[in-house]
Amino acid sequence: MRWEEEEFRKKFDVRLWGRLGRFAKPYTGSFALLILVMVVVGCVDAVFPLFTKTAVDQYMAHGTTDGLVGFALVYLGLAAAQGALVWFMIWLAGGVEQGLVHDLRRAGFDRLQKLSFSYYDKTPGGWILTRLTSDANRLGETISWGLVDLTWGASLMVAIITAMLVLDWRLGLITLAVVPPLAWVSWYFQGQMLAWYRQVKKLGSELSAAFSEGIQGARSAKVLGREDGNGLEFQEKAGRLRAAAVKSAWFSALYLPVVLTLGSLGTVLALGFGTPLVVAGTLTVGTLVAFAAYTVQFFEPVRELARVLGELQQTQTSAERLLRLVETEPEIVDREGADLASAAHTQVHGRVTFENVGFRYGPGPWVLQNFDLDVAPGTSVALVGETGSGKSTLVNLLCRFYEPTTGRVLVDGVDTRDRTQHWLQSRLGYVLQAPQLFRGSVRDNIRYGRLEANDAEVEAAADLVSASPFIRDLEHGFETDVGEGGNRLSTGQKQLVSLARAVLANPALFILDEATSSVDTETERLIQDAVEVVLRGRTSFLIAHRLSTVRRADRILLLEHCHVVEDGTHEQLMTRRGRYFALYTEQFLAEGEKRVLEAEA
Ligand SMILES: Nc1ncnc2c1ncn2[C@@H]1O[C@H](COP(=O)(O)OP(=O)(O)O)[C@@H](O)[C@H]1O
Ligand SMILES: [Mg+2]
């Protein structure tokens, strides 16, 4: 919510809109055409009262109907042409709107793919989502339809003013005296209406957030005796929402009567000063009728202009936020020349070295300091330690999801920053605790590891990690749709699929970060066996909660407060009878106890 409460800028920011220019550029032709069409539509709108004038002055005043059919046909033709133009304009502007929204989303999305992990630490997901949905929509809408309304309103106003002054400049000047107050009132009311409308929307979303919090937290609030406190907070929000809604309704209700009254003042002026002129014979009846029509017609473009300008000001906030996303530079970028070095360095042996590494997440406290580690090619390393001891941080640095603040991380003796991110990441297999699957079939999800792999290779990878039995049991086997984010599969199944994907990629380095901590013991055993096969001969980092999973690793590192406190094989660490021994026996006993209890039950 806090992120939403940014104030609207008051001033029109030319440079900001200039930065949006690159998004408008592909539509320059459409924009030009739209402007042309709207100028024509605006001018034609102003011509219709002149037809009335002609009918009155030429036919009624002279008591003749000669050529009336032709006159009517011209009128009809013009109205039809106007209709066709409006249809064309709506079609064109709709296309531009959709195109713009699409391009803005695309740009935002592409940027999100490039941004480093650190960006996601700082930016709430909800904020990003709003940029790509409502801000992109609002911008596309305002730019395309705003342009249409602005051009139409401005040209209709200019046309009406011109027509009035040409018909009778004195009467024109008198009648137009209501325009400045009309414009000011419209501007004021539109501004108030928009501001209150937005306020209502903002408070509304705050209230639904409070609602859902209240629903989810009802139970714990009860337990903690916080029901009353939550109720007060809710009541306060609901009260503010009601007040804002009343205010908004008040302005909306008042606007039309005020503007209409002001508009009739124009009509009164026209008739009041025009009628004597007609009586004196210096003004035709038709002209007076046209004037009366213009005074009524005038208020529409004034209202539109006020609305569009008000909206433009508010859209500026959307523009600013969306541009902030689109123009964020990733913190991790490839160095110059890294692409050439990477292209030449194809064979990776898998030596991993941390050299005097210091690291902190952004401005936070130091997580690692003077950290050294050397892992020989082909070694399987298990990282164990309590939550927060730095296991994930180590592998994040190895993957270059973050860069060390000081010191170096080396693969095969070269600084990973001297290679491209793609080089490193295409040589890394990474299986996370919460595996990411994509919409599509199981087969496609596995193939994502190496897009050029054929069906046989995909199935071989699944076999290797013992995923095949469960996959063949699915409704359509390998062709089964895994659903949004893979949610039609269980976590264990998702992990097997992502393991198969990693195997297919055949990486030199393998990382499993708590890949088995949320699956049942049986699946864990499956995965464990699979992992053994997969890791053979590769450098691997294995992070697991259950120590039984890691005992076969070549090297076990016990981390405490981001320092390696014990380092050796399972047997070595067990004979040392230190921290690892204590942890292991503790877990072993606890699990044994659980087994006994389960057996009894
Ligand atoms: N994205 C992050 N931003 C800030 N601090 C972090 C972030 N991730 C981890 N930390 C901090 O770094 C330390 C090590 O965490 P982590 O490497 O995740 O430990 P583990 O994986 O062993 O549970 C902890 O103090 C944790 O609070
Ligand atoms: Mg972790």
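As the structure lists them, so they are numbered: ligands from 1, and atoms in each ligand from 1.
- Per-atom contact check: atom 2 (C) of ligand 1 touches the protein, criterion being a heavy-atom distance below 4.0 Å.
- The shortest contact between atom 8 (N) of ligand 1 and any protein heavy atom is with Tyr361 CZ, 3.3 Å.
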Any chance you could lay out the side-chain hydrogen bond (donor to acceptor under 3.5 Å, both in side chains) test for Asp554 and Thr379, step after step, and finish with the verdict?
CA-CA 6 Å; Asp554 297 327; Thr379 314; 5.1 Å; no
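- At least one heavy atom of Gly390 sits less than 4.0 Å from an atom of ligand 1.
- Taking 4.0 Å as the cut-off, Tyr120 does not count as a neighbour of ligand 1 on heavy-atom distance.
- Counted by atom type alone, Thr420 and Asp339 present zero donor-acceptor pairs between their side chains at under 3.5 Å.
- Within the coordination shell of the Mg ion (ligand 2), defined by N, O or S atoms under 2.8 Å, Thr387 is absent.
- Considering backbone and side-chain atoms together, Thr387 places no N or O closer than 3.5 Å to any N or O of ligand 1.
- In summary, the atoms of ligand 1 found under 4.0 Å from a heavy atom of Val367, numbered by their order in the structure, are 12 (O), 13 (C).
- Listed by atom number, the atoms of ligand 1 under 4.0 Å from Ser392 heavy atoms are 17 (O), 18 (O), 20 (P), 21 (O).
- Close approach of ligand 1 to Tyr402 is summarised as follows: ligand atoms under 4.0 Å from at least one heavy atom of the residue are 1 (N).
- Under the 4.0 Å distance rule, the nearest protein heavy atom to atom 27 (O) of ligand 1 falls outside the cut-off.
- Classification of Arg324 and Glu327 as a salt-bridged pair fails, no side-chain N sitting under 4.0 Å from a carboxylate O.
- In summary, the atoms of ligand 1 found under 4.0 Å from a heavy atom of Glu386, numbered by their order in the structure, are 22 (O).
- Ranking the protein heavy atoms by distance from atom 15 (O) of ligand 1 puts Thr393 OG1, 3.7 Å first.
- Using a non-hydrogen distance threshold of 4.0 Å, Gly388 registers as a contact of ligand 1.
- Side chains of Ser468 and Asp463: a donor on one and an acceptor on the other come within 3.5 Å.
- Geometrically, Arg19 does not engage Trp17 in a cation-pi contact, judged by NZ or CZ lying under 6.0 Å from the ring centre and within 45° of the ring axis.
- Between Phe541 and Phe510, the distance separating the two ring centers is not shorter than 6.0 angstrom.
- Ionic pairing of Arg408 and Glu355 is present here: one or more N-O contacts between side-chain nitrogen and carboxylate oxygen are shorter than 4.0 angstrom.
- The part of Asp121 lying near ligand 1 is the side chain, judged by heavy-atom distances below 4.0 Å.
- Residues Val482 and Val442 meet the side-chain proximity criterion, which asks for heavy atoms closer than 4.5 Å.
- There is a side-chain donor-acceptor pair under 3.5 Å between Asn506 and Arg538.
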